[in-house]
Each structure stands twice: as C-alpha cells, then as structure tokens.
J.: 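Starting off with a structure, shown below.
Bear in mind the structure is a predicted one, so any value in this text is a computation, not a measurement.
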Amino acid sequence: MREIELKFKVDDLDSFIEKLEKLGCSLSDVVYQNDTIYVENLDNIESVEGSIWLRVRKLNDKIEMNLKKQAVKKSESQEIEFEVSDYEKANNFLKTLGYKEWVRVNKKRRYSKYLNANICIDEVERLGSFVEIEYLIAEEDKKINYEDELLQIATELGIDISKRVNSHYDTMIFELED
C-alpha cells in the first residue's frame, strides 16, 4: 500500500472541526496513540528514499506494528501495518533484531473523511495541532497528481496551505530534543 499524505499546522482546531461538520463529515471519537519509533542506526536518521522506520503503537486498547519506507517524494511512503497482541514483546522483538528506540510520539487523534481523502485531526504532545489529509492507494496505481488533489482538498476545507509541514511528528519531536 502507498500512503500519500500532506500535513498542515492548524492554529484553530475547533474552527476546522466546525467546518468539517458543516460539510456533513462525521468525526470519530478521540483515539489515544502512543508510538515508539525505531531506526536501524541512531547516527543516520535522515529521511531519504529507502529510509525505514519501524513503529510500535498503542492505540487505545489495540497494539500495532508498522513499517514505513520513504519513497522519492517526501509526501509518499510504502506502509505495512498489522496488529500484535503484546506491546512489550513487540518492542523487545525490534530491539532483539538490532533496531534502536529513537523517539516517542503521543497524540490524540480523530478521524474523518472528505470526498475520497482520509482526514486525521491530531493534537500532538509538545508540538500542537495538525491536520493530515491522505490517500491510501494500491502500489500499482501510478497517478502523478495526488499531491495536487490533496492540496485542493485542503483549500476546500479552509486550511492555510502555507502552513504545510513536510516533516514527520517523530522528526519534529527529535529536533526539539536535539
């Protein structure tokens, strides 16, 4: 599966949510996500084509493992995600394979949908409020202008596209600590 995602810093999350509701979009309940991110080499965390991050996520009462592999475009990545039954075993598994714990990301997230796009409304500990607009598409679908479509959706939703963020939450938190 390919993920094409654009992220925007949002100053007034309540106004954004109100806009979604006026458009007839329903919102999920708040989900609490606690992510532990792993990398192969703590000295080389640069996001370049082929970079791989592994994640163990507590999602309310559910636990997931995730792999993201960076594509050429910063807004795209290959993603593999599946559920596991034990948080500690998942973390120990990655450590035993030699991966290093890099950073932790804690957030409250709500989901919505607008047209064919998934909307994630995030309140990220230490970073603030963000909206992610994304498509999850089959690998073989090579349409070129997904990013333009997502920017158009952002504009329709009243998002200031000049507040686009081209970094991942984990990187932004790491940069706070650096």
J.: Check for me, please, whether Leu127 and Tyr32 land in the same ILVMFWY cluster - side-chain distances under 4.5 Å, paths through other members count.
T.: no
J.: Please report whether the ring centroid of Tyr38 lies less than 6.0 Å from that of Trp53.
T.: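 No; Tyr38 has its ring centre 6.0 Å or more from that of Trp53.
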J.: Hey, can you tell me if Tyr146 and Tyr135 have their rings parallel, tilted or perpendicular (30° and 60° cut-offs)?
T.: perpendicular
J.: Decide whether Asn66 and Glu79 meet the rule of one side-chain donor and one side-chain acceptor closer than 3.5 Å.
T.: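 Per modelled atom types, Asn66 and Glu79 side chains form a pair under 3.5 Å.
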J.: Would Lys107 and Asp122 pass as an ion pair if we require N to O under 4.0 Å?
T.: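 So Lys107 does not pair with Asp122 through a salt bridge.
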J.: Counting only heavy atoms from other residues, nucleotides and ligands, does the tally under 6.0 Å from CG of Asn116 exceed 12?
T.: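 Incorrect, the count does not exceed 12.
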J.: Heavy-atom count check: over 12 atoms from other residues, nucleotides or ligands less than 6.0 Å from Glu40 CD?
T.: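 Open.
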J.: Answer yes or no: are there more than 12 heavy-atom neighbours, outside Tyr114 itself, under 6.0 Å from its atom OH?
T.: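 More than 12 within 6.0 Å, yes.
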J.: If you measure only the distance, is there a donor-acceptor pair under 3.5 Å linking the side chains of Asn166 and Arg164?
T.: yes
J.: Under the side chain to side chain donor-acceptor pair (under 3.5 Å) test, which residues partner Arg55, sequence neighbours left out?
T.: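 Here the qualifying residues are Glu81.
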J.: Tell me the closest heavy-atom pair linking Ser85 and Ile63, and the distance in Å.
T.: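 Heavy-atom minimum between the residues: O-CD1, 3.9 Å.
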J.: Pick from Val31, Ile119, Ile17: which one makes a side-chain contact (heavy atoms from CB on, under 4.5 Å) with Arg110?
T.: Ile17
J.: What pair of heavy atoms forms the shortest contact from Val105 to Asp170, and how long is it?
T.: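 Looking at all heavy atoms of both residues, the closest pair is CG2-CA, 3.8 Å.
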